[in-house]
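Worksheet for the structure shown next.
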Amino acid sequence: MKVWFVTPEAVPLAKTGGLGDVCGALPSALEKLGANVSVVMPWYSSIDGKKIDSLSLSLGSENFTVIMGKTQLSGVDVHLVGYPPYYHRQELYGEGNSAYPDNDRRFMLLSRAAIAWGMKTGMPDLFHCHDWFTAMVPMYLNTDSTVPHRPSVFTVHNLQYQGVFPASSYGLTGLSWDRFNPAEVEYYGQLNLMKTGLVYADKITTVSPTYSREIQTSKFGEGLENILRRRSSNLEGILNGIDDEIWNPQKDVYLEKSEKFSRSDLSGKKKLKETLLETYSLESDEEEPLIGMVSRLAGQKGIDLLLESSDELMKLPGNWLILGTGEKRLEAGLKKWEEKYPERVRVILDFNEKIAHRIVAGSDIYCMPSRFEPCGLNQMYSFQYGTVPVVHSTGGLADTVEDGETGFVFDTYLSDNLIECFKRAINTCREEPEGWNGMVKLGMEKDFSWKNSAAKYYDLYRRLLEE
Ligand code: ADP
């Protein structure tokens with residue numbers, strides 16, 4: 001079973017979020033089950049690779065010569081699509097809160113190159129594409145008569161980002177304009193690449209079962225609920241796994257030797273917490289809970305709700321340590337909270353893998369009040385480290401956190417509910433050590449490794465190839 005992942009990011013080569021984590025870990029988990037997986041992705045300037053060939057391609061009437069390179073990722077072959085004017089940039093998708101204006105070209109080129117490379121070197125049995133960046137792959141496979149048909153799986157990591165471009169961008173596809181209609185790729189007069197993937201992929205997956213149901217409603221469907229309902233018999237949710245070699249309290253490379261810990265000996269976690277409180281000059285009452293958060297600062301992540309609740313939260317004991325970057329208004333809001341309570345709130349505006357690991361590992365409570373959450377990884381990372389999550393009941397958070405068992409969950413997205421939930425969490429942490437330790441240990445026992453989820457993808461591929 002030869003499968004090609006087409007993706008804009010894969011850890012450790014390139015990452016902006018969970019999509020990168022998934023595409024970095026799932027291929028090798030599938031290989032362990034017997035699939036032969038390769039990754040096709042842009043050759044960003046940060047990636048070391050070996051040049052092996054070139055390809056001549058066109059997008060509409062524009063011609064391109066791309067350099068194809070090769071590298072490896074946990075034993076998996078990675079085919080790199082090299083075109084420096086498009087991929088040698090400071091960021092992956094945009095700078096300073098604005099997307100690169102030529103993202104249509106940048107990612108249509110990736111899709112075109114993935115297919116052309118298959119045709120030149122041997123097509124895979126199946127393409128697995130990720131988010132709107134790669135949505136042209138299923139469309140080419142189904143509509144371009146020069147391309148041999150292969151089945152495709154299209155995974156929606158986040159429906160909010162859809163890749164919407166002016167109608168004129170459709171000209172870059174080189175395909176007949178007959179398809180530019182509301183039942184296929186058009187969305188209110190524009191080209192919508194997420195919709196394109198949803199229309200043409202043979203199977204659609206989302207990254208948690210609950211999210212796969214939520215997105216078929218107008219509340220979470222981001223305007224695409226009708227097409228998702230239309231395709232519901234080919235839509236399923238498969239929970240993301242985590243890389244438990246990287247996110248592992250016994251092996252974590254970002255923890256000092258004396259800070260590493262295990263379920264049977266949590267003393268390293270205590271030491272790490274002390275170090276964090278000291279490093280970040282937080283009121284160093286070690287007995288009070290440390291509440292951590294690592295997040296893209298986007299509306300989705302519930303930062304508004306947190307800020308709305310911040311004064312009330314300060315009436316409860318505990319210190320807050322927050323790492324994130326993103327929307328300027330949210331960065332400013334968090335900094336204001338910190339200025340108001342400098343001894344108890346530290347906000348680090350950075351994207352930093354090491355600090356992320358240390359916060360997740362050293363906190364008592366992890367804060368994840370997302371408005372919606374396709375899967376969410378940090379609540380699962382938190383379980384690994386005995387950090388108890390406080391979450392809104394949505395998407396993958398609803399699928400992974402059990403209220404009062406492994407974490408604390410609030411139902412309706414309201415400030416009062418968030419505050420009440422933190423009250424319960426903080427009280428349990430301070431007043432009921434036995435109950436708390438039970439929750440910590442139960443979380444640490446959970447198995448969220450890729451093994452189970454990879455088996456579900458493998459089974460999906462098998463069914464698709466047998467159809
Ligand atoms: P999303 O993909 O929506 O951002 P996920 O929870 O699925 O959310 O994955 C986010 C990933 O990005 C996690 O691995 C998280 O630790 C990481 N991350 C988010 N913000 C930062 C940051 N500021 N520094 C380091 N890692 C971050």
Side-chain angles (χ1 to χ4, degrees), residues 7-26 91-93 130-133 155-162 206-208 210-211 214-215 220 222 237-248 252-254 280 292-303 306 321-328 330-331 334-335 346-363 366-385 387 389-392 394-401 407 448 450 453:
T7 175
E9 51 183 278
V11 164
L13 303 175
K15 161 169 170 174
T16 67
L19 164 61
D21 285 324
V22 173
C23 291
L26 178 55
E91 302 291 338
L92 301 195
Y93 311 130
H130 298 269
D131 272 351
W132 70 262
F133 313 92
T155 297
V156 177
H157 294 261
N158 193 332
L159 195 65
Q160 192 175 42
Y161 305 102
Q162 298 186 358
T206 63
V207 288
S208 70
T210 296
Y211 191 61
E214 286 174 338
I215 57 177
F220 294 99
E222 306 281 351
I238 300 177
L239 193 71
N240 279 340
I242 59 171
D243 191 328
D244 56 4
E245 286 293 307
I246 297 178
W247 295 90
N248 183 325
D252 195 316
V253 295
Y254 299 115
Y280 296 106
M293 183 172 193
V294 178
S295 183
R296 278 189 301 117
L297 302 181
Q300 173 202 336
K301 298 293 181 182
I303 317 288
L306 187 63
L321 183 51
I322 300 173
L323 171 72
T325 51
E327 290 176 29
K328 296 295 160 222
L330 298 173
E331 291 187 350
L334 287 170
K335 274 290 172 193
R346 192 66 59 246
V347 175
I348 309 159
L349 299 179
D350 190 10
F351 192 97
N352 186 309
E353 202 71 29
K354 178 176 180 181
I355 303 175
H357 278 245
R358 294 176 67 77
I359 291 178
V360 169
S363 300
Y366 189 81
C367 171
M368 202 157 175
S370 308
R371 179 187 292 274
F372 70 92
E373 192 57 78
C375 176
L377 295 171
N378 277 313
Q379 82 280 15
M380 295 193 270
Y381 297 152
S382 294
F383 285 139
Q384 291 279 104
Y385 293 86
T387 304
V390 171
V391 306
H392 174 219
T394 185
L397 298 175
D399 289 337
T400 52
V401 185
F448 287 109
W450 269 108
S453 305

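Start at 1 and go down the list; that is how both ligands and their atoms are numbered. Count residues from 1 along the sequence. Just the heavy atoms: all of them, side chains too, but no hydrogens, waters or symmetry mates, feed the values below.
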_Would Met368 count as a polar contact of ligand 1, with the cut-off being nitrogen or oxygen pairs under 3.5 Å?_
no

Is it the case that ligand 1 has an N or O less than 3.5 angstrom from some N or O of Asp21? yes

Is a donor from one side chain sitting under 3.5 angstrom from an acceptor on the other, for Asp21 and Tyr381?
yes

Q.
Evaluate Lys301 for polar contact with ligand 1, using N/O atom pairs at a separation under 3.5 Å.
A. yes

Notebook entry, point to check: Given side chains that start at C-beta, do those of Cys375 and Leu239 come closer than 4.5 Å, heavy atoms only?
Noted result: yes

* Asked: Are Lys15 and Glu353 within salt-bridge range, i.e. N to O under 4.0 Å?
  -> yes

*asked:* Measuring centre to centre across the rings, with the benzene-like ring taken for any Trp, is Phe133 within less than 6.0 Å of Tyr93?
replied: yes

Residue, atom and distance of the protein heavy atom nearest atom 5 (P) of ligand 1 read Leu377 N, 3.8 Å

Note: ligand 1 atoms sitting under 4.0 Å from heavy atoms of Ala356 are 25 (C), 26 (N)

State, without any angle test, whether Glu331 and Thr325 hold a side-chain donor-acceptor pair at a distance under 3.5 Å. no

Check your understanding: Between Tyr161 and Asp131, is any pair of side-chain heavy atoms under 4.5 Å apart?
Key -> no

Candidates Tyr381, Phe351, Phe372; heavy atom nearest atom 26 (N) of ligand 1 found on Phe351

When distances are taken from atom 16 (O) of ligand 1, the protein heavy atom at minimum range is Asn378 OD1, 3.2 Å

Within 4.0 Å of some non-hydrogen atom of Arg296, the atoms of ligand 1 are 1 (P), 3 (O), 4 (O), 19 (C), 20 (N)

Any heavy atom of Ser295 under 4.0 Å from ligand 1? The part involved is backbone

Counting only heavy atoms not in Lys354, do more than 12 sit closer than 6.0 Å to its NZ atom? no

Ranked by distance from atom 12 (O) of ligand 1, the top protein heavy atom is Lys15 CE, 3.6 Å

Of all protein heavy atoms, the one nearest atom 23 (N) of ligand 1 is Asp350 O, 2.8 Å

Note: ligand 1 atoms sitting under 4.0 Å from heavy atoms of Gly17 are 2 (O), 12 (O)

Closest heavy-atom approach to atom 7 (O) of ligand 1 among Gly396, Gly20, Gly18 is made by Gly18

